[in-house]
Number of protein chains: 2
Amino acid sequence: MDKDKIDKKDHILDVAERVFSELGFDGASTRTISGEAGVNMAMLNYYFGSKEGLFLAVFNRKIISFQDLLKNIGSDESTTAWNKVEKYIDLYAQRVVNNNCFQKLLYQELSMQRRGELSDKITDILMKNALEVRKILKDGVDNGEFNKDIDAEMVIATIYGTKNFIVNTPQLTSKLLGYDIQNDKMLEERFKPRIEAYLKTLLKSYLLK
Amino acid sequence: MDKDKIDKKDHILDVAERVFSELGFDGASTRTISGEAGVNMAMLNYYFGSKEGLFLAVFNRKIISFQDLLKNIGSDESTTAWNKVEKYIDLYAQRVVNNNCFQKLLYQELSMQRRGELSDKITDILMKNALEVRKILKDGVDNGEFNKDIDAEMVIATIYGTKNFIVNTPQLTSKLLGYDIQNDKMLEERFKPRIEAYLKTLLKSYLLK
DNA sequence: TTGATATAATCAATCGATTGATTAACTTTG
DNA sequence: CAAAGTTAATCAATCGATTGATTATATCAA
């Protein structure tokens, strides 16, 4: 039945996303993934063509919705630039909480600059997001809302980097923050409001005159 | 000759450090490392016992100078907390420029929480570093120099994270910043002063009353 | 509805390539 | 000579990928 096929592919993607996140692209073997998904190894290639195809499928499944949300924030003409920044921080924090595992995977894969389509695709997607944020910042400068001498690109690095550092080195930052970042409940109830409040205060004092 | 042996081992470590940084632990094969180092594959095991032994050797070689960084920063009682922060930013930026490759390797391995001994070792070192910075920040709060409601731990995440994001995703940030982060000359002449100025301005507006 | 048939899904088995590691022979050095 | 250094050749294990055979499902003529 068609419904079953979709469910099974989706199940494989779920498992693959988790295993990739835990072990990285190289560390996660197709045998491990198929084994944990409870399917035959050949099914991975049957459905997704190759290991890289499987990774790309995991990747593509995640990115579509976020792009649209981001675009909507930037295109809203009825609000201030600072309000857009706040909205983006909220959206981003929510995204991190919901896709903690995957965000780690993305950054990990991007960190080791590898050959081919995979890295290029990830770069393109993240670049699009980054440019969207930069446009918001530049607009804020142009309309006099933000300081004219802000370093927009570095601000982007700060937003992404602060989050990445925390979720990508959980054994370090959990000690530092005082609670377990890898625990979903802690992530939602303590980390999320904390990074939201922090980034807003930090950027507000830097961006606004 | 003993000198030659040391030089050769050191050369292998140099190459291994770079290749590990570029491809990760899994992605870097012993054949690639030995090939690029211009030595026979068996020499790696002859010198370092195993691939992991080689990795540990790369890591241990760097630890010593890492420790030195920790000592002299917060101990100066004759200056302000903000001045210490500025000094630390300068020192850190210098560190990044000089050890760009290794810094990448470090956080790559740490973000893949997979090994026992090595991961603990890295965590301990970085934790010591982080606590040193936190002490500076807390002292600044206690003597009324900094805002009393700053989030010290998140500030640390911002300092480390902003840097890490840029040097660990060079193909992305090079596009964003407009020059090649992987070029040493660019790193020294353009990126270093830029991140110094940015972090100082950013943190100044956030920390100081 | 039934039976034949075509398509999709799944399987065990195995492919060649590559991995980290090791061996044994050779060369250099002291 | 003996020890250290170095090499090519090779090891078992595992990698991603593919095969041909088998089962399940869908389609359609009678």
Side-chain angles (χ1 to χ4, degrees), chain A residues 1-60 105 108-109 112 114-119 121, chain B residues 1-59 105 108-109 112 114-119:
Chain A
M1 205 177 296
D2 197 41
K3 188 176 179 298
D4 282 351
K5 185 190 74 182
I6 295 178
D7 284 349
K8 177 161 260 181
K9 285 181 75 168
D10 230 48
H11 171 63
I12 293 177
L13 289 174
D14 287 337
V15 174
E17 181 181 325
R18 179 175 54 78
V19 177
F20 273 135
S21 303
E22 289 170 357
L23 304 175
F25 183 80
D26 289 319
S29 72
T30 55
R31 282 171 177 79
T32 300
I33 295 173
S34 61
E36 296 211 15
V39 302
N40 189 276
M41 222 182 57
M43 296 309 296
L44 301 189
N45 292 309
Y46 179 75
Y47 280 133
F48 308 103
S50 67
K51 184 185 183 183
E52 179 160 323
L54 172 60
F55 189 97
L56 281 169
V58 171
F59 177 71
N60 282 323
L105 170 59
Q108 253 171 230
E109 204 38 45
M112 43 187 94
R114 206 192 311 247
R115 61 202 158 70
E117 181 189 2
L118 187 57
S119 287
K121 207 158 183 181
Chain B
M1 206 181 297
D2 196 42
K3 188 174 178 300
D4 282 351
K5 186 189 74 179
I6 294 178
D7 284 350
K8 179 164 260 182
K9 285 181 74 170
D10 229 49
H11 174 246
I12 293 176
L13 289 174
D14 287 337
V15 174
E17 181 183 323
R18 178 176 54 79
V19 178
F20 274 135
S21 305
E22 289 171 357
L23 303 175
F25 183 80
D26 289 320
S29 73
T30 54
R31 280 172 179 80
T32 300
I33 295 174
S34 62
E36 295 211 14
V39 302
N40 189 277
M41 221 183 56
M43 297 307 295
L44 302 188
N45 292 310
Y46 178 74
Y47 280 134
F48 308 103
S50 68
K51 185 185 181 181
E52 178 159 328
L54 171 60
F55 191 98
L56 278 168
V58 171
F59 177 72
L105 170 60
Q108 248 177 51
E109 247 340 274
M112 249 186 268
R114 159 181 38 141
R115 45 180 42 84
E117 179 192 2
L118 184 58
S119 204

Specify the separation, in whole Å, of atom NZ of A/Lys51 and atom P of D/dT18. 14 Å
Which nucleotide sits closest to the side chain of B/Ala42: C/dA21, C/dA9, D/dA8? D/dA8
Whole angstrom is fine here: how far is it from CD1 in A/Ile12 over to C1' in C/dA9? 11 Å
Do B/Ile12 and B/Leu54 come close enough that some side-chain heavy atom pair is under 4.5 Å? yes
In whole Å, I'd like the distance from the CZ atom of B/Phe48 to the P atom of D/dG5. 12 Å
Cation over ring, A/Lys51 on A/Phe20, under 6.0 Å and within 45°? no
Rounded distance (Å) that lies between atom P of C/dA21 and atom CE of B/Met43: 15 Å
If you compare every side-chain N and O of A/Thr30 against the phosphate oxygens of D/dG16 (OP1, OP2), does one of them come in below 4.0 Å? yes
Distance check: side-chain N/O of A/Asn45 vs OP1/OP2 of D/dT18, anything under 4.0 Å? no
Look at B/Tyr46 and D/dG5 and indicate whether a side-chain polar atom (N or O) is within less than 4.0 Å of OP1 or OP2. yes
Among B/Thr30, B/Leu56, B/Leu13, exactly one meets side chain to side chain contact (heavy atoms under 4.5 Å, CB included) together with B/Phe48. Which residue is that? B/Leu13
Just the rounded figure in Å: distance from P of D/dA4 to NZ of B/Lys8. 17 Å
Rounded to the Å, how far apart are B/Arg31 CZ and C/dG20 P? 7 Å
Integer-rounded Å distance: D/dT14 P and B/Asp26 CG: 15 Å
Are A/Ser29 and D/dC15 close enough that a side-chain N or O sits under 4.0 Å from OP1 or OP2? yes
Heavy atoms from C-beta onward define the side chain here; which of C/dC11, D/dT6, D/dA17 lies closest to that of A/Met41? D/dA17
Is any N or O donor-acceptor pair between the side chain of A/Asn40 and the base of C/dA9 shorter than 3.5 Å? no
How far does CZ of A/Phe59 sit from CD of A/Glu109, to the nearest 0.5 angstrom? 10.5 Å
Of the non-hydrogen atoms in A/Ala16 and A/Val58, which two are nearest, and what is the gap between them? CB-CG2, 4.0 Å
In whole angstroms, the gap separating C1' of D/dT7 from CG of B/Leu44 amounts to 13 Å
Between B/Gly38 and A/Gly27, name the one whose nearest nucleotide on DNA chain D is closer to the 5' end. B/Gly38
Does C/dA9 have OP1 or OP2 under 4.0 Å away from a side-chain N or O of A/Lys9? no
